[in-house]
Protein chains: 4
Amino acid sequence: MDDQLILLFQIKTSSGVPIYRQIIDQVTRLVASGHLKAGDELPSIRRVAGYFEVNPMTISKAYSLLEAVGVLERLRGKGMIVASDQSSTRSLKKRLELIEPVLREAAIQANQLGIPKESVLQAMAEYLEGSK
Amino acid sequence: MDDQLILLFQIKTSSGVPIYRQIIDQVTRLVASGHLKAGDELPSIRRVAGYFEVNPMTISKAYSLLEAVGVLERLRGKGMIVASDQSSTRSLKKRLELIEPVLREAAIQANQLGIPKESVLQAMAEYLEGSK
Amino acid sequence: MDDQLILLFQIKTSSGVPIYRQIIDQVTRLVASGHLKAGDELPSIRRVAGYFEVNPMTISKAYSLLEAVGVLERLRGKGMIVASDQSSTRSLKKRLELIEPVLREAAIQANQLGIPKESVLQAMAEYLEGSK
Amino acid sequence: MDDQLILLFQIKTSSGVPIYRQIIDQVTRLVASGHLKAGDELPSIRRVAGYFEVNPMTISKAYSLLEAVGVLERLRGKGMIVASDQSSTRSLKKRLELIEPVLREAAIQANQLGIPKESVLQAMAEYLEGSK
DNA sequence: GTGGTCTAGACCACC
DNA sequence: GTGGTCTAGACCACA
């Protein structure tokens with residue numbers, strides 16, 4: 001497992017979202033988008049914990065929950081790998097479902113603020129380019 | 001202070017988001033969108049608490065934080081009103097700043113999922129209509 | 001009683017200090033400094049309340065407390081006047097005692113902030129000129 | 001977090017000033033004067049509450065407001081630390097701004113009492129020595 | 001271990 | 001009537 005993968009993680013210590021949640025969400029998306037494929041190894045708990053200077057228990061919790069959901073598999077003595085059956089999460093439809101909540105929330109807030117639809121979409125388009 | 005205003009609040013107990021946060025967010029948006037103007041009275045802590053059957057302290061916490069941020073003002077012995085200087089939150093630019101975080105987050109997630117820009121904007125457009 | 005006197009009052013509705021306290025403190029200082037002398041009439045409760053758009057009860061409370069302390073006297077059907085015996089509050093020593101609390105508080109805060117003595121005194125000197 | 005820090009707090013129950021305000025003011029000054037630096041840990045809510053025999057919520061309120069103002073930061077599951085960006089409160093100029101209100105108030109009162117400038121400054125100088 | 005949230009109820013100050 | 005402050009104690013989430 002090389003360091004490259006660790007760099008795929010983006011952890012913000014003070015952002016309201018709990019660290020283990022950030023890990024879970026990002027692994028889920030990396031798998032759904034195909035950046036991580038069935039059988040790929042994940043960086044060890046110790047590596048991630050050391051790299052981000054967080055408690056190993058926190059990473060462990062994230063991995064365990066991902067295992068419970070069927071996204072990861074535990075390989076005795078080796079570590080965690082992406083589970084074999086990930087077919088269901090690859091389709092565009094499935095991926096759109098994953099971002100539906102945050103899109104809906106954004107839409108609600110925009111409407112409550114009375115921001116015109118065009119302005120919202122324009123801003124969104126910008127951010128989509130910017131976060132590439 | 002009539003009942004009309006209380007109806008502007010939408011509180012969902014146990015939706016993850018703490019009650020006092022829901023109040024804060026809604027008042028902020030009502031002010032930013034112009035539904036609440038400088039000098040407008042807010043429903044009293046006890047009224048809101050009674051109406052939604054929550055503890056007065058919970059509402060008090062929300063109002064106090066809104067005062068600390070400068071959105072509300074206290075009228076001793078009378079109640080809370082919208083603070084006089086709200087010029088900074090009215091412009092479209094300022095309102096766009098208020099939803100920037102959630103839009104950015106949505107953009108990041110979409111890109112991590114590898115969803116094409118057009119699909120995201122299309123979905124967003126739908127939700128904007130839907131939440132009106 | 002002319003309007004001049006009303007102008008001697010400075011009421012800040014939103015300053016933490018209760019309105020009736022502001023009235024009391026200012027009358028006390030006006031008497032101690034000799035701006036108000038024994039027998040002088042004070043503006044009626046209605047005038048003050050009307051001028052500052054506050055509840056007459058608030059002004060009444062302040063006058064009553066000043067009467068209880070012996071600073072004012074009630075003249076049946078006429079209003080309030082400065083009490084006859086005010087000799088004890090006129091000396092410089094007595095007046096210095098009146099500002100001791102606020103000076104001490106300022107000194108404590110300055111020391112906790114580690115501000116050099118000279119800077120504090122210089123700032124104070126400025127404000128003394130400015131508030132004349 | 002050792003006991004040293006708790007000793008930096010001075011809480012006077014029932015002195016007019018609410019307990020949570022006393023905490024806020026003292027932390028603010030400790031940070032501004034450099035006694036507390038960015039990253040320093042604060043004594044836990046439970047420790048302070050236990051030490052002074054006050055309700056944890058009271059201390060929590062103080063810490064929360066200090067976080068809202070940007071003086072403190074939360075370390076999830078660990079505690080509160082002094083926020084990283086405190087550059088704005090360190091300079092002598094900024095510290096002078098912090099005591100400006102109380103100095104101004106003192107100046108106003110002194111002038112209303114007609115106390116000569118020299119007497120005020122002399123008294124102030126004494127108190128500055130006395131409160132060291 | 002840490003802080004966050006909420007409740008139920010008390011007492012106070014102000015208007 | 002209004003909000004402010006505090007208590008005592010419960011339960012939860014996070015590390």
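Chain letters run A, B, ... following the sequence lines, proteins first and then strands; every chain starts at 1.
- Nearest-nucleotide assignment on DNA chain F puts the 5′-proximal partner with Lys61(D), out of Lys61(D) and Lys78(D).
- For the pair Arg21(C) and Val17(B), nearest-nucleotide mapping onto DNA chain E gives the more 5' position to Val17(B).
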(request) Any chance you could lay out the side chain to side chain contact (heavy atoms under 4.5 Å, CB included) test for Ile24(B) and Arg21(B), step after step, and finish with the verdict? (result) CA-CA 5 Å; Ile24(B) 289 178; Arg21(B) 254 275 136 229; 3.6 Å; yes
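- dC14(F): Watson-Crick or G-U partner is dG1(E), with both key distances under 3.5 Å.
- Residue Arg76(D) places none of its side-chain N or O atoms closer than 4.0 Å to OP1 or OP2 of dG3(E).
- When only modelled atom types and interatomic distance are considered, Glu105(A) and Gln109(A) share a side-chain donor-acceptor pair under 3.5 Å.
- Phosphate contact (OP1/OP2 of dT5(E), side-chain N/O of Thr58(B), threshold under 4.0 Å): absent.
- The closest donor-acceptor contact from the side chain of Gln112(B) to the backbone of Gln26(A) lies at 3.5 Å or more, if one exists at all.
- Between Leu65(D) atom CG and dG4(E) atom P there is a gap of 11 Å when expressed in whole angstrom units.
- Atom CD of Glu53(D) is separated from atom P of dC6(F) by 16 Å (rounded to the nearest Å).
- Straight-line distance from the NZ atom of Lys12(D) to the P atom of dC6(F): 15 Å, rounded to whole Å.
- Between the side chain of Arg46(D) and the base of dG3(E), a donor-acceptor pair under 3.5 Å is found.
- Within the nucleic acid shown, Asn55(D) comes within 4.0 Å of at least one base atom, counting heavy atoms only.
- In this structure, CE of Met80(B) is placed 11 Å from C1' of dT2(F), rounded to the nearest angstrom.
- Taking the side chain of Pro18(B) as heavy atoms from C-beta on, and the options dT7(E), dC15(E), dC6(E), the nearest nucleotide is dC6(E).
- Gln22(A) places its CD atom 14 Å from the C1' atom of dA15(F), with the value rounded to the nearest Å.
- Counting only distance, with no hydrogens or angles, the side chain of Arg76(D) and the backbone of Thr13(A) share a donor-acceptor pair below 3.5 Å.
- Between Ile11(D) atom CD1 and dT7(F) atom P there is a gap of 10 Å when expressed in whole angstrom units.
- Within the 3.5 Å criterion, the main-chain N or O of Gly79(A) finds no donor-acceptor partner in the side chain of Glu41(A).
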(request) Please step through side chain to side chain contact (heavy atoms under 4.5 Å, CB included) for the pair Ser64(A) and Arg74(A), ending with a clear verdict. (result) CA-CA 9 Å; Ser64(A) 298; Arg74(A) 198 175 297 266; 3.4 Å; yes
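- Among the atoms of the strands shown, none is found under 4.0 Å from any heavy atom of Leu75(D).
- Tyr20(A) comes within contact range of the sugar-phosphate backbone alone, with a heavy-atom separation under 4.0 Å but no base atom that close.
- Between Thr13(A) and Val54(D), the one whose closest nucleotide on DNA chain F sits nearer the 5' end is Val54(D).
- Take the nearest nucleotide of DNA chain E for Met57(C) and for Pro56(B): the residue whose nucleotide is more 5' is Pro56(B).
- The phosphate of dG3(F) (OP1 or OP2) has no side-chain N or O of Ser60(B) nearer than 4.0 angstrom.
- Distance CD (Glu41(B)) to C1' (dG3(F)): 14 Å, rounded to an integer number of Å.
- Atom CG of Leu72(D) and atom P of dG3(E) are 11 Å apart (whole Å).
- In terms of phosphate contacts, Ser64(B) brings no side-chain nitrogen or oxygen within less than 4.0 Å of OP1 or OP2 of dG3(F).
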